[in-house]
There are 2 protein chains.
Amino acid sequence: MNEQAVIPIEDGTESVPGKTRDALRAAHLYYMQDLTMDAIAHELHTSRSSVSRLLSHARASGLVEISLHSPLDLPSRIEQEILERFAVGAHVIPVPDHASDVDRLDRVALSAARILGRFVDSNQTIGIAWGSTMSAMSRHLVPKATHNSEIVQLNGAGNGRTTGIVYASELLRRFGDAFGARVQQFPVPAFFDDPETRRAFWRERSTRRLLDLQERMDVALFGVGSPFAEVPSHVYQGGYLERADYEGLSREGAVGDVATVFYRADGSTDGITLNERATGPDFSVLRRAPRRICVVSGRAKLASLRGALAAGLITDLIVDEGTARALVESPHESPRDRE
Amino acid sequence: MNEQAVIPIEDGTESVPGKTRDALRAAHLYYMQDLTMDAIAHELHTSRSSVSRLLSHARASGLVEISLHSPLDLPSRIEQEILERFAVGAHVIPVPDHASDVDRLDRVALSAARILGRFVDSNQTIGIAWGSTMSAMSRHLVPKATHNSEIVQLNGAGNGRTTGIVYASELLRRFGDAFGARVQQFPVPAFFDDPETRRAFWRERSTRRLLDLQERMDVALFGVGSPFAEVPSHVYQGGYLERADYEGLSREGAVGDVATVFYRADGSTDGITLNERATGPDFSVLRRAPRRICVVSGRAKLASLRGALAAGLITDLIVDEGTARALVESPHESPRDRE
DNA sequence: AAGCCGAGTGAACAAACGTGCAAGGATGGC
DNA sequence: GCCATCCTTGCACGTTTGTTCACTCGGCTT
């Protein structure tokens with residue numbers, strides 16, 4: 001049999017495109033023609049195992065895209081309501097109510113990572129905050145080829161004795177790899193000890209360059225912090241803040257933060273002293289980004305989320321179902337628990 | 001456990017949207033969150049089997065869309081070449097060379113059916129020919145909701161003693177169902193016996209109405225017939241044509257047909273007498289459709305395909321790999337076999 | 001040159017999945 | 001109101017798929 005006639009391409013040493021070719025072909029046969037992996041293995045002259053791996057590769061590398069279309073007459077009542085009430089595009093992630101907070105975060109992050117591709121494109125500057133939500137997302141990104149894009153770190157990460165969270169550089173690198181984008185690190189602590197140090201730093205040319213990038217951001221991606229919730233965001237565990245800081249926040253009425261910048265329930269930030277030591281962008285800067293994506297999981301963050309919405313920080317919200325339901329159910333109630 | 005709290009929607013008798021809701025949720029959990037069907041069954045309070053069926057339903061009904069993206073630097077050399085040489089957008093379907101013609105047709109039709117959704121939209125008139133290729137496609141259509149669209153039959157089907165091919169009405173209905181479109185049948189034989197009958201019929205108001213529709217077509221979908229190939233298109237098996245007809249076609253240099261209208265290798269149709277009895281649209285009418293999708297499988301149809309390309313009938317081509325390769329390999333050779 | 005390392009392969013096993021089947025429940029016609 | 005019929009459900013089975021493991025094969029180091 002003239003087996004080599006089947007694939008008359010030159011067998012160059014270009015092994016990587018060769019793998020991509022095979023993966024693409026396998027994906028065609030599997031997803032478009034419904035062949036079994038066995039049959040595909042036969043067509044590609046390899047083993048079933050390899051086909052299984054090829055398909056995994058095809059999915060993980062974005063060769064295969066799976067998207068869901070709700071029929072237009074059934075557009076998730078909750079998403080619709082969030083859109084109307086807050087003027088924010090919502091993606092509600094179904095998660096059972098009894099799931100643990102860790103599960104919940106993982107599942108929201110996984111879904112968010114897969115949705116993210118829709119927001120990312122070439123020639124964009126993408127700002128990324130640093131936190132456990134972003135960390136979880138970074139592990140599941142689906143690559144998408146872009147040109148001339150840039151990832152810029154929104155807030156410092158300090159030299160954390162990080163609680164299992166990957167280092168900021170690693171996190172940024174993952175985003176950069178996934179989208180073929182340059183990465184701009186922001187090597188500062190999450191909070192300065194002295195506001196003066198921050199001001200001095202901000203005058204440095206290298207810092208200015210980064211801040212300029214932040215001002216020209218096309219997409220911002222962040223979670224919300226919730227300092228007084230039972231399961232505090234990791235920013236509050238890494239030893240970044242002292243007891244006195246919490247007391248200050250509490251006294252000044254802060255309910256949450258976005259990229260280390262704190263706000264009150266009504267979205268205001270004026271007079272929150274900790275912000276003078278924070279490294280994240282001022283909200284006036286953040287709001288210049290036309291697309292501001294917020295990923296939230298867990299009802300503990302409800303009050304924070306409300307504040308971020310009040311501050312107008314969010315244009316697109318990715319949130320677990322329980323939190324979404326709570327958000328629309330009890331419109332203006334105090335952070336007391338429902339039911 | 002407050003199980004009913006998990007899904008606080010009213011348990012109305014709206015069973016169909018209920019099923020769609022579940023299917024959508026299951027699809028979310030399966031495709032976006034990588035849960036196993038077991039886990040999903042648990043979340044939905046049902047059995048694994050049901051989840052499997054829900055997911056099948058979600059795929060078959062277009063709730064889930066799976067698409068493949070070749071990396072831009074590797075855009076199927078063949079498709080690229082077809083685009084350059086014939087100015088036609090190509091989708092090449094990988095099929096092993098040793099596949100039987102039946103397999104080949106099935107696999108191309110399956111892929112074509114899944115691609116078709118991209119071409120169909122609301123407020124469109126979609127013309128559809130009648131043949132074994134269309135028949136195979138009709139069994140695998142992925143529904144897509146559209147408004148105010150219309151399916152119009154391009155050529156008559158006669159009262160075939162159809163060889164396992166579904167009746168034209170059934171075929172049209174499937175397309176109509178899949179896209180929520182009205183269906184306009186064309187109840188005439190594939191070929192009239194007497195050209196005069198055709199002319200008379202064409203003057204009828206009911207016929208005119210249909211021809212008008214054909215002239216305003218947005219999308220045309222058809223295969224090509226290949227009268228002199230080893231495995232003749234079913235049009236030639238149904239007893240539509242007599243020996244004398246074939247001899248006439250042969251004498252007049254016909255190499256293929258689109259919707260019962262025959263053409264020569266150079267795309268010309270003038271002086272092919274059988275066309276006076278054909279029921280399909282004149283090519284000048286067909287070419288008014290901005291999008292003209294042709295589905296071809298099997299090298300036996302290569303000469304026909306070349307002719308249809310020469311006639312400028314095609315804007316988008318869906319073709320099996322072997323045929324595509326033959327198309328670009330031997331550019332201007334006579335219909336003699338290669339190798 | 002020998003040897004170490006990492007990537008890739010196929011066999012084998014376990015997990016996950018699809019489907020025929022029989023039972024239960026709803027629907028619609030009479 | 002009752003029965004025939006169709007649709008749906010969960011189970012059980014066989015098939016299909018993911019993953020672990022031992023192995024091979026280049027490439028690169030010592």
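In what follows, chains are A, B, ... by sequence order, proteins preceding strands, each numbered from 1. Everything numeric in this text was worked out from a predicted model, so none of it was measured.
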Colleague: Take atom CD1 of B:Ile40 and atom P of C:dC17, then tell me their distance rounded to the nearest Å.
Modeller: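 After rounding, the reported distance stands at 8 Å.
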
Colleague: Starting from C1' on C:dT9, measure out to CG on A:Asp22 and report it in whole angstrom.
Modeller: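 These atoms are roughly 14 Å apart.
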
Colleague: Over how many whole Å does the gap from A:Asp34 atom CG to C:dC17 atom P extend?
Modeller: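 The distance from CG of A:Asp34 to P of C:dC17 comes to 16 Å, rounded to the nearest Å.
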
Colleague: Over the length of the helix from C:dA1-D:dT30 to C:dC30-D:dG1, how much do the five-pair end axes diverge, rounded to 10 degrees?
Modeller: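 That helix has its two terminal axes inclined by roughly 30°.
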
Colleague: Using atom CG of B:Leu54 as one end and atom C1' of D:dT9 as the other, report the distance to the nearest whole Å.
Modeller: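 Distance, rounded to whole Å: 11 Å.
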
Colleague: Would you kindly give the CG-to-C1' distance between A:Asp38 and D:dT17, to the nearest whole Å?
Modeller: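 Interatomic distance, CG of A:Asp38 to C1' of D:dT17: 10 Å.
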
Colleague: Taking atom C1' of D:dT16 as reference, at what distance in whole Å does atom CZ of A:Arg48 sit?
Modeller: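 The answer, rounded to whole Å, is 8 Å.
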
Colleague: Can you tell me if the side-chain N/O atoms of A:Thr46 get under 4.0 Å from OP1 or OP2 in C:dG10?
Modeller: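 True: A:Thr46 side-chain N/O within range (under 4.0 Å) of C:dG10 OP1/OP2.
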
Colleague: Take atom NE2 in B:His69; do more than 12 heavy atoms of anything else shown fall under 6.0 Å from it?
Modeller: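 More than 12 heavy atoms, drawn from other residues, nucleotides or ligands, come within 6.0 Å of this atom.
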
Colleague: Please pick, from C:dG10, D:dG18, D:dC11, the nucleotide with the shortest atom-to-atom distance to any side-chain atom of B:Arg53.
Modeller: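 Closest nucleotide to the B:Arg53 side chain: D:dC11.
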
Colleague: So, OP1 or OP2 of C:dG8: does either fall under 4.0 Å of a side-chain N or O from A:Ser50?
Modeller: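 No, no such contact exists.
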
Colleague: Check this one for me: any side-chain N or O of A:Tyr30 less than 4.0 Å away from OP1 or OP2 of D:dT17?
Modeller: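 Indeed, a polar side-chain atom of A:Tyr30 lies that close.
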
Colleague: Would you call A:Arg325 and A:Asp97 a salt bridge, using N to O less than 4.0 angstrom?
Modeller: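 A salt bridge is present here (some side-chain N lies under 4.0 Å from a carboxylate O).
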
Colleague: Is there a side-chain contact between A:Asn148 and A:Ser122 (heavy atoms, below 4.5 Å)?
Modeller: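 When only atoms from C-beta onward are counted, A:Ser122 and A:Asn148 do not touch, as no gap falls below 4.5 Å.
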
Colleague: Using a cut-off of 4.0 Å on non-hydrogen atoms, how would the nucleic acid contact of B:Ser52 be classed: base, sugar-phosphate, or nothing?
Modeller: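 Base: the residue B:Ser52, judged by heavy atoms under 4.0 Å, touches a nucleobase.
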
Colleague: Establish whether the base of D:dC11 is bridged to the side chain of B:Ser49 by a donor-acceptor pair shorter than 3.5 Å.
Modeller: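 Answer is yes: a donor-acceptor pair is held.
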
Colleague: In whole Å, I'd like the distance from the CG atom of A:Leu29 to the C1' atom of D:dT16.
Modeller: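 It is 16 Å, rounded to the nearest whole Å.
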
Colleague: Separation of B:Leu35 atom CG from D:dG18 atom P, in whole Å?
Modeller: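 For the pair B:Leu35 CG and D:dG18 P, the rounded distance is 16 Å.
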
Colleague: Side chains of B:Gln184 and B:Glu150: is there a donor and an acceptor less than 3.5 Å apart?
Modeller: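 Result is yes, a qualifying pair exists.
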
Colleague: Consider only side-chain N and O atoms of A:Arg59 and A:Tyr31, and report whether a donor and an acceptor are under 3.5 Å apart.
Modeller: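 There is such a pair (donor and acceptor under 3.5 Å, judged by atom type) between the side chains of A:Arg59 and A:Tyr31.
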
Colleague: Could you verify whether a donor N or O on one side chain and an acceptor N or O on the other, from B:Ser132 and B:Ser135, lie under 3.5 Å apart?
Modeller: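 No, B:Ser135 and B:Ser132 have no side-chain donor paired with an acceptor closer than 3.5 Å.
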
Colleague: Tell me if the NE2 atom of B:His140 is crowded by more than 12 foreign heavy atoms within 6.0 Å.
Modeller: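 Atom NE2 in B:His140 is crowded, with more than 12 foreign heavy atoms closer than 6.0 Å.
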
